[in-house]
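Everything below concerns the one structure shown next.
When reading the values below, keep in mind they use all heavy atoms of this one structure, side chains included, and skip hydrogens, waters and symmetry mates.
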Amino acid sequence: MSDIIRLLPDSVANQIAAGEVIQRPASVIKELVENAVDAGATDIRIVVKDAGKTLIQVADNGSGMSETDVRMAFERHATSKIKKADDLFTLRTMGFRGEALPSICAISEVEVRTRTADSQIGTRMVIVGSKVTEQEPCVCEKGTVISVRKIFFNVPARRKFLKSDNVELSNIMREFERLALVNNHIRLGIDNGTRQLDLRAASLRLRIEDIWKGTLKSDHLIPVDVDTSLVKIEGFVSRPEFARRRNPLQYLIVNGRNMRHPYFHKAIVSCYESLIASDTMPNYFVKFTVDPATIDVNIHPTKNEIKFEYEQQIWPILVSAVKTALGKYSAVPSIDFSADPVPLHPLRAGDMPTAPRVEYRDDYNPFASQRQRADRPASNWERLYDAFRNGGRESELVDAPVPERSAETTMPPQDGDGQQLFAESAGVSEVAPLCMQYASKYIVTTTRDGLVIIDQHRAHVKILYEEYLQKIGKAEAVSQTVMFPEPIELDESQQTALGEVMDELRRIGFTLEYEEGTTWRVTAVPAMLKNAEPRDVIMRILDSVTADSVNYGKEGNVASGLNERVALVMARSAAIRRGQKLTVTEMESITGSLFSMPDPSLTPSGNRIFSVLDETYIQRIFD
């Protein structure tokens with residue numbers, strides 16, 4: 001048998017490595033800027049054309065490279081950051097693997113111009129697909145200029161999955177914001193073809209103001225500062241009143257490196273319990289300084305995931321620092337015992353106000369569409385559920401009337417045959433399933449299969465999603481002018497994302513007008529959007545634009561995918577919330593509408609909507 005195992009060529013190995021390190025144009029900018037920081041640069045300039053697909057150029061005034069170094073820098077695992085394995089435990093640089101530059105060269109055309117301070121002449125080198133095609137002396141400024149062209153030119157499958165220019169540009173601006181925040185001591189500038197930013201070297205507070213002008217102000221932030229033998233924590237957290245429902249600015253930094261750390265994120269958010277609404281999140285910009293030997297950054301190619309040796313010990317320090325800051329700056333609710341007491345006035349006869357009389361109709365259902373209200377004022381949803389379980393189509397479902405019932409009725413009379421007593425009292429022979437609400441989150445009802453527990457929020461999202469998707473897909477939606485236009489503050493990356501979906505927003509009924517700076521105004525909204533806040537819907541849509549999910553919808557095209565995302569965002573914003581109390585009529589309407597769908601079991605995101613507890617499971621509980 002002949003040998004079948006062989007060593008991969010360097011060009012192929014570099015392309016494989018590039019798949020992990022270089023995911024999109026924003027990844028190239030991250031790696032090149034971090035190299036410039038490691039080279040001691042104090043001024044870094046970025047130029048982007050066609051969202052990085054045509055050109056990404058990063059110029060710095062760092063130490064530069066010699067003729068030999070520039071050749072070695074693009075070899076795999078060639079680095080100036082470490083010399084032995086023990087150096088991994090004392091890392092103070094951004095890079096150390098020697099993978100970024102070879103990975104970039106493997107999937108693009110790269111030109112390098114570099115010169116050291118003690119050299120009169122610099123070096124120019126061109127690399128195409130990991131192969132050096134040119135190297136010659138050149139005249140250039142001290143530092144390094146790297147130009148990356150035609151990204152993924154030799155990996156068409158990867159280039160095909162790049163998003164539109166607006167989406168990729170939005171990701172580039174997000175990455176630029178992260179880099180600028182971490183390196184606030186360095187002057188950073190970017191020209192992306194549509195906008196130019198020039199950020200001065202400044203304190204962390206001023207850098208935050210410079211990056212998010214108009215959307216985040218200095219007086220929104222509270223300083224956090226604690227220094228212990230284990231960790232130094234500094235930075236800012238937002239006042240509770242400025243917590244955001246969408247797109248919170250949340251950044252964790254360790255030893256000058258951005259990181260994702262769910263454990264520390266949870267520690268910070270826990271400090272805001274009872275201070276902010278459950279559907280909002282605080283902004284925070286927190287820096288950790290620790291001994292490099294107590295962290296491990298070598299667990300992911302992007303180096304954004306970091307393990308801490310003493311994370312359990314750091315947790316209480318972090319919580320204490322944030323709570324102390326919130327308390328010190330009066331950001332927590334307090335009782336003023338020095339205030340004058342409220343005078344008590346005795347009530348005299350006739351002073352007691354009379355409660356107003358409220359009349360309502362049992363047949364009115366605010367969650368039903370106009371067609372449902374006209375054609376199906378009430379239905380026996382158990383038949384719908386049975387048809388769903390048996391694989392029946394929606395056209396085969398048969399509606400049956402149910403007894404009218406007061407909104408105060410939540411349970412049948414407690415008797416040995418309670419349902420029959422209730423049915424007889426209602427004057428009907430067939431019993432319709434009763435609904436009740438548990439913990440203001442779930443609808444509980446019965447079927448022949450057992451107890452059905454329905455997540456009320458997910459169920460309503462599913463119902464609204466199908467309704468909105470049908471309306472959006474037909475034609476231009478009816479627009480409704482807003483009497484008092486609502487202002488929206490958008491940062492650079494959000495304004496870039498807005499350009500991607502502006503036409504679609506207009507088509508479904510939104511009208512946004514630019515005012516000045518970072519301010520836009522919502523002047524019209526879709527008529528079908530009744531209970532949701534327009535600002536919240538738009539912000540959710542902008543967030544979804546930069547998501548890494550595939551842009552193709554059920555019909556196999558980008559437009560369909562965008563329609564589905566918009567419908568889902570609108571449904572999530574308009575749906576009833578967990579914790580909202582419902583009447584029996586509302587619960588019946590949600591349940592009936594849900595089980596009239598061909599597939600009511602999962603949300604559009606794939607989350608389970610309901611669960612059935614059969615008799616066997618219930619009996620097992622009591623055994």
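Note that CZ of Phe610 and CG of Leu602 are 8.5 Å apart. Values are rounded to the nearest 0.5 Å. Distance check, rounded to the nearest 0.5 Å: NE2 of His261 to CZ of Phe288 gives 8.0 Å. In this structure, CG in Leu490 is found 7.5 Å from CG in Leu512, a value given to the nearest 0.5 Å. Between Lys30 atom NZ and Glu175 atom CD the span is 6.5 Å, to the nearest 0.5 Å. Interatomic distance, Gln250 CD to Ser238 OG, rounded to the nearest 0.5 Å: 8.5 Å. Going from atom OG1 of Thr518 over to atom CG of Leu216 covers 11.0 Å, rounded to the nearest 0.5 Å.
The backbone N or O of Phe242 lies less than 3.5 Å from no partner atom in the side chain of His220, so there is not a single donor-acceptor pair. A distance-only check finds a donor-acceptor pair linking the side chain of Ser596 to the backbone of Ser593 [under 3.5 Å]. Under a 3.5 Å cut-off, the side chain of Ser170 and the backbone N or O of Ser493 do form a donor-acceptor pair. Between the side chain of Glu467 and the backbone N or O of Met528 there is no donor-acceptor pair closer than 3.5 Å. Looking only at distances, a side-chain donor or acceptor of Asn283 sits under 3.5 Å from a matching main-chain atom of Leu249. At least one donor-acceptor pair under 3.5 Å links the side chain of Arg239 to the backbone N or O of Asp219. No donor-acceptor pair closer than 3.5 Å links the side chain of Gln480 to the backbone N or O of Val525. With hydrogens and angles disregarded, no donor-acceptor distance shorter than 3.5 Å links the side chain of Ser108 to the backbone of Ile151. With hydrogens and angles ignored, the 3.5 Å screen pairs no side-chain donor or acceptor of Glu504 with any backbone N or O of Val501. A donor-acceptor pair under 3.5 Å is absent between the side-chain atoms of Thr511 and the main chain of Ala524, judged by distance alone.
Counting all heavy atoms, side chain and backbone alike, Pro600 lies closest to Lys462 at CA-CE, 4.5 Å. Across all their heavy atoms, Gln580 and Gln456 have their closest contact at O-NE2, 3.1 Å. Minimum interatomic distance between Ile22 and Glu31 (heavy atoms only, all atoms of both residues): CD1-CG, 4.1 Å. Scanning both residues, Leu594 and Ala459, for their nearest heavy atoms gives CD2-CB, 4.1 Å. When every heavy atom of Glu486 is checked against every heavy atom of Pro534, the shortest pair comes out as OE1-CD, 4.1 Å. Across every non-hydrogen atom of Ile211 and Ala180, the tightest pair is CD1-CB, 3.8 Å.
Taking 4.5 Å as the limit, some side-chain heavy atom of Arg578 sits within range of a side-chain heavy atom of Arg458. Val286 is not listed as a side-chain neighbour of Val224, based on a closest heavy-atom distance of 4.5 Å or more. Inter-residue side-chain proximity for Met173 and Asp491 is flagged as unmet; no heavy-atom pair is nearer than 4.5 Å. At least one side-chain heavy atom of Met570 sits less than 4.5 Å from a side-chain heavy atom of Ile508. At a threshold of 4.5 Å between non-hydrogen side-chain atoms, the residues Phe264 and Ile233 do not count as touching. Put simply, the side chain of Tyr465 reaches to within 4.5 Å of the side chain of Glu564, judged on heavy atoms. Looking at heavy atoms from C-beta onward, Arg174 lies in side-chain contact with Gln494 at the 4.5 angstrom threshold. Counting heavy atoms from C-beta on, the side chains of Thr603 and Asp455 never come closer than 4.5 Å.
Considering Ile590, Ile453, Val584, Val452 in turn, Ile590 is the only one that fulfils the side chain to side chain contact (heavy atoms under 4.5 Å, CB included) rule with Ile443. The side chain to side chain contact (heavy atoms under 4.5 Å, CB included) test with Ile46 singles out one residue from Leu32, Val33, Asp191, Asn192, and that residue is Val33.
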- Audit row: Asn184, Lys287, side-chain contact (heavy atoms from CB on, under 4.5 Å) steps and yes/no: CA-CA 12 Å; Asn184 56 286; Lys287 287 187 173 184; 3.0 Å; yes
- Output, in order, the C-alpha distance, side-chain angles, deciding distance and verdict of side-chain contact (heavy atoms from CB on, under 4.5 Å) for Arg244 and Met539. CA-CA 11 Å; Arg244 297 186 176 188; Met539 296 300 285; 5.8 Å; no
- Verify side-chain contact (heavy atoms from CB on, under 4.5 Å) between Ile253 and Asn258, making sure each step is shown before the conclusion. CA-CA 5 Å; Ile253 303 165; Asn258 273 300; 4.0 Å; yes
- Task: Check step by step if side-chain contact (heavy atoms from CB on, under 4.5 Å) holds for Phe153 and Arg159.
- Result: CA-CA 7 Å; Phe153 80 98; Arg159 189 174 180 88; 5.6 Å; no
- Message: For Arg187 and Asp198: C-alpha separation, side-chain torsions, deciding distance, then whether salt bridge (Lys or Arg N to Asp or Glu O under 4.0 Å) applies.
- Response: CA-CA 7 Å; Arg187 184 177 182 180; Asp198 188 2; 2.7 Å; yes
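Below 30°, between 30° and 60°, or above 60°: for Trp520 and Tyr514 the angle between ring planes is above 60°, a perpendicular geometry.
The pair Arg260-Glu305 meets the salt-bridge criterion, with a side-chain N (NZ, NE, NH1 or NH2) lying under 4.0 Å from an Asp/Glu carboxylate O. Electrostatic pairing of Arg205 and Glu209 does not count as a salt bridge here, judged by no charged N lying under 4.0 Å from a carboxylate O. The pair Arg540-Asp536 counts as a salt bridge, with a side-chain nitrogen and a carboxylate oxygen less than 4.0 angstrom apart.
For an aromatic pair to be called close, the ring centres must be under 6.0 Å apart, and Tyr284 with Tyr272 fails this.
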